[in-house]
Amino acid sequence: MKDFLKRNAANMITLVRIPCALGIVMSEPFSVMFYTFLTIGGLSDALDGAVARRISGDSPLGATLDSISDLCFFGSTVLSVILKEYGQIGLSAKLVFSLVVVTRLISYLIQLVKFRQMAPLHTLLNKFASISIFILLFLIPFIGITAAVIIASVIGIIGGIEEIIIHLLSEKPRSNTLSVLVVLKERKKK
């Protein structure tokens with residue numbers, strides 16, 4: 001049992017984000033319950049990789065679970081806030097958010113067509129986007145939801161464009177590529 005727990009510690013921490021995502025969807029945005037689930041899920045996202053490197057080791061299963069958990073957690077959090085607070089969000093923020101959705105859909109479409117699989121990237125920009133969303137959710141009461149959506153969306157668009165470029169330049173799926181600069185450097189060596 002101890003070996004099982006050690007081998008799967010990071011995956012169990014990763015999977016915490018899925019019930020947190022459900023808790024966020026069921027709670028009122030910006031309530032104590034909302035921020036509790038957000039904090040627990042955010043800590044899970046921050047800790048799982050460190051635990052994997054230290055105790056369990058990185059694994060393809062862990063990377064897949066991390067991508068699924070991130071999509072569930074951040075996707076449901078963003079959509080829950082956007083849908084529940086839609087009337088409070090300015091038109092400019094709605095338009096910019098639409099561009100994030102379009103860039104991400106294009107990225108996923110390229111992956112499906114080119115690689116016949118979905119391989120979300122763990123780039124530095126995507127990590128920065130996740131951290132930004134997390135922080136901005138805590139700042140909404142102070143800066144307003146329109147500003148927060150615009151800031152997070154611009155970062156998301158830049159990350160989405162980088163993903164598209166990486167997919168177009170790559171010959172195989174590259175889920176753990178740090179940035180487009182790594183891909184360009186590798187192509188230059190060839």
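FYI, the numbering just counts along the sequence from 1.
- Residues L38 and C20 form no side-chain contact, since every pair of their non-hydrogen atoms from C-beta on lies 4.5 Å or further apart.
- With rounding to the nearest 0.5 Å, the separation of CZ in F134 from OG1 in T77 is 10.0 Å.
- When side chains are defined from C-beta on, L184 does not count as touching K188, because their heavy atoms never get closer than 4.5 Å.
- When hydrophobic side chains of Ile, Leu, Val, Met, Phe, Trp and Tyr are connected at separations under 4.5 Å, V16 ends up clustered with I40.
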Side-chain polar contacts of residues 149-160 - donor-acceptor pairs under 3.5 angstrom, sequence neighbours left out - could you list them?
| unit_1 | atom_1 | unit_2 | atom_2 | d |
| --- | --- | --- | --- | --- |
| S153 | OG | V149 | O | 2.7 |

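- Under the side-chain contact (heavy atoms from CB on, under 4.5 Å) criterion, L178 pairs with L124, V182, sequence neighbours left out.
- By the ring pair (Phe, Tyr, Trp, His ring centres under 6.0 Å) test, F74 is found to be paired with no residue, residues two or more places apart in sequence or in another chain being considered.
- Formation of a donor-acceptor pair under 3.5 Å by the S69 side chain with backbone atoms of T14 is found in this model.
- Residues satisfying the ring pair (Phe, Tyr, Trp, His ring centres under 6.0 Å) test with F97, not counting sequence neighbours, are none.
- For E171, the CD atom counts as loosely surrounded, since its 6.0 Å shell holds 12 or fewer non-hydrogen atoms of other residues, nucleotides or ligands.
- Here salt bridge (charged side-chain N to carboxylate O under 4.0 Å, His left out) pairs that include residues 17-32, with residues two or more places apart or in two chains, are R17-D45, R17-D48, R17-D66, R17-D70.
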Tabulate below the donor-acceptor pairs under 3.5 Å that side-chain atoms of residues 107-116 make, not counting sequence neighbours, or state none.
| unit_1 | atom_1 | unit_2 | atom_2 | d |
| --- | --- | --- | --- | --- |
| S107 | OG | E163 | OE1 | 2.7 |
| S107 | OG | H167 | NE2 | 3.3 |
| Q111 | OE1 | A119 | N | 2.3 |
| Q111 | NE2 | H167 | NE2 | 3.1 |
| K114 | NZ | H167 | O | 2.8 |
| K114 | NZ | L168 | O | 2.9 |
| K114 | NZ | S170 | O | 2.6 |

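- Test V100, I133, L137 against V78 for side-chain contact (heavy atoms from CB on, under 4.5 Å) and you get one pass: I133.
- Residue pairs satisfying the salt bridge (charged side-chain N to carboxylate O under 4.0 Å, His left out) criterion with at least one member in residues 134-149, sequence neighbours excluded, are absent.
- Taking T177 as the reference, R174 meet the side chain to side chain donor-acceptor pair (under 3.5 Å) condition, with sequence neighbours excluded.
- Residues meeting the side-chain contact (heavy atoms from CB on, under 4.5 Å) test with M12, sequence neighbours left out: L5, N8.
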Would you mind writing out the side-chain donor-acceptor pairs for residues 81-93 within the sub-3.5 Å range, not counting sequence neighbours?
| unit_1 | atom_1 | unit_2 | atom_2 | d |
| --- | --- | --- | --- | --- |
| K84 | NZ | V25 | O | 2.4 |
| K84 | NZ | S27 | O | 2.7 |
| K84 | NZ | S80 | OG | 3.4 |

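- Within the structure, every pair that satisfies the ring pair (Phe, Tyr, Trp, His ring centres under 6.0 Å) test and touches residues 30-55, not counting sequence neighbours, is listed here: F30-F34, Y35-F138.
- When the side chains of ILVMFWY residues are joined at heavy-atom separations under 4.5 Å, either directly or via intervening members, I164 and L125 end up in two distinct hydrophobic clusters.
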